[in-house]
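Notes follow once the structure below has been shown.
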Protein chains: 2
Amino acid sequence: MRLYAYWRSSCSYRARIALALKGLSVEIVSVPLLDGEQMQAGFTAKNPSQQVPVLELDDGTLLGQSIAIMEYLDEVHPEPPILPRDPVARARCRQLTEVINSGVQPMQNHYVLTRLREEHGVDAKVHSIHFIDRGLRAYEALAERTAGAFSVGDTPTIADCALVPQLYNARRFGMDVAKDYPRLHAIDARCAELEAFQVAHPDRQPDAPSEGER
Amino acid sequence: MRLYAYWRSSCSYRARIALALKGLSVEIVSVPLLDGEQMQAGFTAKNPSQQVPVLELDDGTLLGQSIAIMEYLDEVHPEPPILPRDPVARARCRQLTEVINSGVQPMQNHYVLTRLREEHGVDAKVHSIHFIDRGLRAYEALAERTAGAFSVGDTPTIADCALVPQLYNARRFGMDVAKDYPRLHAIDARCAELEAFQVAHPDRQPDAPSEGER
């Protein structure tokens, strides 16, 4: 399998964590978003949404959207599970995942912020921090009902795959995760101990710039 | 079961369609978003995200996020299915659903547009139309690979549950769906023939204003 991805894309980061949790190795193909390669015809043919990640299966099937990719991986490679087995727990896990996926990440992705800045003069940082804070506060409250060592129970799920990249982004915007979202900070620290989260980190990707240039 | 919903909320509309496709009847509890009831403590305790829909199960369990609700319904009430059974087809169905759910709807929901207008002076209509068009064009291209009579194959799925409310919103913003997205227009017309889509329509909800006041 191949994963079309960009080192700092938080949705690519989610897919990398899920693949690593499943013990699946893939070829990473870099799509340099800042150069606009996702807008070119070659990539648009792979994903008309012009977004990463895209998972290419061995038969050439192309799957976009990180949520769809993670659910697919859990169905085709069920061990270890990255969704709970109980239907209510699964729903809560997906609810947490969507708090990030539809409630936060879209507000502060590269394309949206560029558009808001260039067309409407919006301060991208102010806009991003507002929605990140709003989503993380909701996640913190919801996780009180679901969390064990991780967001839902005591093993990592797709909710953690969404949370950890979002916290990475929050810190890039200068937010104080440890102070304002202590439960999420603790979950994040537990994730950081796992190799799957370590190897998926943006800084460890082949297209990451060297440390001094980040 | 109870569904906390608002007649014109497109995410509430999705959940209503899915419930109706499953033949499940629920008590609808109106949450008047324009009056800010979702921000009050009573509702925030039910959903810290301060969003509708919320599905309340008979034992009091509360489930938020329309995607999580639709997936839950398909797991607990498997007939008729609203996701394909084949893993690749399921992934494509979820991909289409997320093109709307994370790519379009968040950009033009009530809370986000209010914030953009009040804090940043953004023209809500221009902003909304840009992102609706971007998402619907991607959906139109992706559906070429998946559609039969409906978005994925010949029976309605969660992708149609997301698409139809988004097209309803597109028309509210004055967009010409028939002209610009002919495949989606045709799918929408087929959905409109089904009773499940008819009874879920905003205008048919108990909290919808009378026709002259909409």
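On a predicted model such as this, the values are computed, not experimentally measured, just so you know. Below, read A as the first sequence line, B as the second, and so on, with proteins coming before strands; counting in each chain starts at 1.
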Could you report the tightest heavy-atom contact between [X] and [Y], atom names first, then the distance?
| X | Y | answer |
| --- | --- | --- |
| B:Arg134 | A:Ser49 | NH2-O, 3.9 Å |
| B:Arg94 | A:Ala68 | CB-CB, 3.7 Å |
| B:Ser102 | A:Gln65 | OG-OE1, 3.6 Å |
| A:Pro87 | B:Tyr72 | O-CD1, 3.7 Å |

Answer with side chain, backbone, both or neither: which region of [X] has an atom nearer than 4.5 Å to a non-hydrogen atom of chain A?
| X | value |
| --- | --- |
| B:Val76 | side chain |
| B:Ala143 | neither |
| B:Glu119 | neither |
| B:Leu57 | side chain |

For chain B, find which of [options] contributes the most heavy-atom pairs closer than 4.5 angstrom.
| options | result |
| --- | --- |
| A:Gln105, A:Gln50, A:Arg115 | A:Arg115 |
| A:Gly121, A:Cys93, A:Ala91, A:Gly135 | A:Ala91 |
| A:Tyr111, A:Tyr139, A:Phe131 | A:Tyr111 |
| A:Val88, A:Asp123, A:Thr61 | A:Val88 |
| A:Arg92, A:His130, A:Arg90 | A:His130 |

Between [X] and [Y], is any pair of side-chain heavy atoms under 4.5 Å apart?
| X | Y | answer |
| --- | --- | --- |
| A:Met107 | B:Pro106 | yes |
| A:Ile67 | B:Thr97 | no |
| B:Leu116 | A:His127 | yes |

If you tally heavy-atom pairs under 4.5 Å against chain A, which of [options] wins?
| options | result |
| --- | --- |
| B:Gly103, B:Ala141, B:Pro48 | B:Pro48 |
| B:Asn109, B:Leu142, B:Leu55 | B:Leu142 |
| B:Arg137, B:Arg145, B:Gln51 | B:Arg145 |

- [ ] Could you tell me whether a side-chain N or O of A:Gln95 sits under 3.5 Å from a main-chain N or O of B:Leu63, the two making a donor and an acceptor?
- [x] no
Open item on the list: Rounded to the nearest 0.5 Å, what separates atom CZ in A:Arg85 from atom CD in B:Glu75?
Closed with: 9.5 Å
Task: From A:Ile69 atom CD1 to B:Glu98 atom CD, the distance as rounded to the nearest 0.5 Å - done: 11.0 Å
- [ ] Heavy-atom distances under 4.5 Å only: say whether A:Ala45 touches chain B with side chain, backbone, both or neither.
- [x] backbone
